[in-house]
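Encoded as structure tokens, the structure appears first; notes follow it.
Note that these values count all heavy atoms, side chains included, but never hydrogens, waters or copies made by symmetry. Proteins come first, then strands; the chains are lettered A, B, ... in the order of their sequence lines, and each starts at number 1.
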Amino acid sequence: MLDHGLGPDNFTFPFVLKACSSLSALQEGKDIHEHVIRTGWESDVFVGASLIDVYAKCGCVGDARQVFDKILVRDVVLWNSMLAAYSQNGHPDEALSLCREMAWTTGFRPTVATLVTVISASADIAALPQGREVHGFCWRHGFETQDKVKTALVDMYAKSGFLKVARRLFERLKDKRVVSWNAMIAGYAMHGHASEALALFEEMKKEALPDHITFVGVLSACRHGRLMDEGWKFFESMVRDHLIEPTVQHYTCMIDLLGHAGRLDEAYDLIVRMSVRPDSGVWGSLLNSCKLHKNVELGEQALERLIELEPDDAGNYVILSNIYAQAGKWEGVAKLRKFMQERGLKKSIACSWIGVKNKDHAFLAGDVFHPQSDEIYAELKRLGGLMTEAGYVPDTGQVFHDVDKDEKMSMVHGHSERLAIAFGLISTPSGTRLRVTKNLRVCDDCHVVIKFISKITEREIIVRDVNRYHHFKDGTCSCGDYW
DNA sequence: ATAGGGTTAG
């Protein structure tokens, strides 16, 4: 077109940018962006929304935001594009605050797309107070009747641990599409409700055609329920009866099932001979299983692969370090720490949060910034006494740093999930279920402690960590102590 | 004639 001497206009750019977006072609997108600037179309909302989408699909949220900021006369689709850019790139908090800004500056006339995006952002951080607020908004403005909004709400309530609410909304869908079934099945699966997930899958087969995502849900239900035989049955049936080629996520479920069961060599064999390229999730699952079953050699191999795939992820080094520590191989711990220091890698900062009276309260390990900090620590101390009476012995094996024993104790005692739980206990009526979210894995010792707390205080405590949900009740956890 | 949204992840 350019060779023919024709200049692109405001209609040309969106078409060609959409092509970039579906190919995740960042360099081409940037070239076209320059062309947009040269031809003076950068303040066009259609061109801008397309550019934001290209940058979002390529993971460049900052570039997307620059495009957004240059456009001063915005329409609802432009806002939605920017919200989606945040939401899809792991910045759900930014999406929610941009949504507030949108409400403030534009008078907030959202569309179905706005709400779906914001609800899914709330779901991703299980930010229930915001999610409920959006749900209320949907209801008051007649959006709740829309199936797409309702499906997003099903996902949000499921991820926030309200499976019954999710199910009630799911049953009220006018037309259950595959996406809705998938959200509900995955919801049961991630909470370890394997039988509900599988029952729903049987029901689904009568009404809709399962897709590859349905099977991720089904296999992950088997995984969380440790249903090895059923898992393989579904895996084989997926390929044979449904003609679905297994993706890396399907393999991850199977490798995780084998690994958790201690069949580490079989898990390794499956990684080597599977038809798709193993990603960091696959090796991460194997590394985690090596920790559960104390296998140093295979753990080292898994870390080698992970260093190739995601060298900057500190969590991987920490897990191998834990494996070394369990085995008493302190030279391995020291070697890893040196390696991390040389590369400037730091453990991510742990953070837990809990919603109380429609407000989220966040805690870092050992922090004293909460206004009720003194009462929180007093409550932890009180519980500590009761736990010792009940037979609790602290396990500081997972403390990464090589510090003395007392210091290790205090580090573990101030873990963020404990602060969040203690705050929940002192600020809600007895018997109230607590729901805590954490950005990392729950450590072994906290897991033991929370089991004790659930029994001593007679509370149900739901902790959503980075991998899965833990439902603590009466001294036990739904994960069966494997996570 | 052009742009945005729901389901999967160690």
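Contacts with DNA chain B (heavy atom under 4.0 Å) in residues 230-259 of chain A: A/Gln249, A/Thr252, A/Asp256, listed by number. Of all the residues in residues 209-225 of chain A, A/Ile213, A/Val216, A/Arg223 reach under 4.0 Å from DNA chain B with at least one non-hydrogen atom. Within residues 22-46 of chain A, the residues approached by DNA chain B to less than 4.0 Å at the level of any non-hydrogen atom are A/Val45, A/Phe46, in residue-number order. Listed by residue number, A/Glu310, A/Asn316 are the residues of residues 308-316 of chain A with a heavy-atom contact under 4.0 Å to DNA chain B.
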Derivation and outcome, salt bridge (Lys or Arg N to Asp or Glu O under 4.0 Å), residues A/Arg305 and A/Glu308: CA-CA 5 Å; A/Arg305 300 284 89 77; A/Glu308 292 162 13; 3.3 Å; yes

Quiz: residues 204-212 of chain A side-chain donor-acceptor pairs under 3.5 angstrom, not counting sequence neighbours:
residue  : atom : partner  : partner atom : Å
A/Lys205 : NZ   : A/Glu202 : OE1          : 3.4
A/Asp211 : OD1  : A/Asn182 : ND2          : 3.2
A/Asp211 : OD1  : A/Ile213 : N            : 3.0
A/Asp211 : OD1  : A/Thr214 : N            : 2.9
A/Asp211 : OD1  : A/Thr214 : OG1          : 2.9

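Of the inter-residue distances, the one linking A/Trp79 atom CH2 with A/Thr114 atom OG1 reads 11.0 Å to the nearest 0.5 angstrom. Atom OH of residue A/Tyr188 and atom CD of residue A/Glu196 lie 6.0 Å apart, to the nearest 0.5 angstrom. With rounding to the nearest 0.5 angstrom, the OG atom of A/Ser352 is 4.5 Å from the CD atom of A/Glu417.
Heavy atoms of A/Ala152 sit nowhere under 4.0 angstrom from any nucleic acid atom. Heavy atoms of A/Leu306 sit under 4.0 angstrom from at least one base atom. A/Ser87 comes within contact range of no nucleotide atom at all, as no heavy-atom separation falls under 4.0 Å. Contact annotation for A/Ser289: no contact, since no heavy-atom pair falls under 4.0 Å across all strands. When heavy atoms are screened at a 4.0 angstrom cut-off, A/Asn10 is found touching base atoms of the nucleic acid.
Taking only distance into account, the side chain of A/Thr117 never meets the base of B/dG5 through a donor-acceptor pair shorter than 3.5 Å.
Computed from coordinates, the A/Asp75 CG to B/dT2 C1' distance equals 12 Å when rounded to whole Å. In this entry the distance linking CZ of A/Phe170 with C1' of B/dT7 reads 12 Å, nearest Å. Spacing between atom CG of A/Leu78 and atom P of B/dG5 amounts to 13 Å, rounded to whole angstrom units. In this structure, A/Leu440 places its CG atom 16 Å from C1' of B/dA9, rounding to the nearest Å. Distance CE (A/Met82) to P (B/dA3): 19 Å, rounded to an integer number of Å. Rounded to whole Å, atom C1' of B/dA9 lies 13 Å from atom CG of A/Asp465. At whole-Å resolution of the value, CG in A/Leu6 and P in B/dA1 are 20 Å apart. The separation between A/Leu83 atom CG and B/dA3 atom C1' is 14 Å, rounded to whole Å.
Checked by atom type and distance alone, the side chain of A/Thr39 pairs as donor or acceptor with a backbone atom of A/His35 at under 3.5 Å. Between the A/Asp53 side chain and the A/Ala84 main chain, no donor and acceptor come within less than 3.5 Å of each other. Side-chain atoms of A/Asn295 come within 3.5 Å of backbone N or O of A/Glu297 as a donor-acceptor pair.
Under the side-chain contact (heavy atoms from CB on, under 4.5 Å) criterion, A/Glu304 pairs with no residue, sequence neighbours left out.
A close approach under 4.0 Å does not occur between any side-chain nitrogen or oxygen of A/Lys150 and OP1 or OP2 of B/dG6.
Under a 4.0 Å N-O distance rule, the pair A/Arg273/A/Asp269 does not qualify as a salt bridge. Using a cut-off of 4.0 Å between Lys/Arg side-chain N and Asp/Glu carboxylate O, A/Glu34 and A/Lys30 are scored as not salt-bridged.
A/Thr12 and A/Asp9 share a side-chain donor-acceptor pair at under 3.5 Å.
In this structure, of B/dT2, B/dT7, B/dG5, it is B/dG5 that holds the atom nearest to the side chain of A/Val116. Checking B/dG10, B/dT8, B/dT7 against every side-chain atom of A/Met190, the shortest atom distance belongs to B/dT8.
Taking a centre distance below 5.5 Å and an interplanar angle below 30 degrees as the stacking criterion, A/Phe11 stacks against the six-membered base ring of B/dA1.
The aromatic rings of A/Tyr157 and A/His135 sit perpendicular, their planes meeting at an angle over 60°, well past the 30° parallel limit.
A/Tyr251 has its ring centre less than 6.0 Å from the ring centre of A/Phe235.
With A/Trp181 as the fixed residue, the ring-ring contact (aromatic ring centres under 6.0 Å, His included) test singles out one of A/Phe215, A/Phe170, A/Phe201: A/Phe170.
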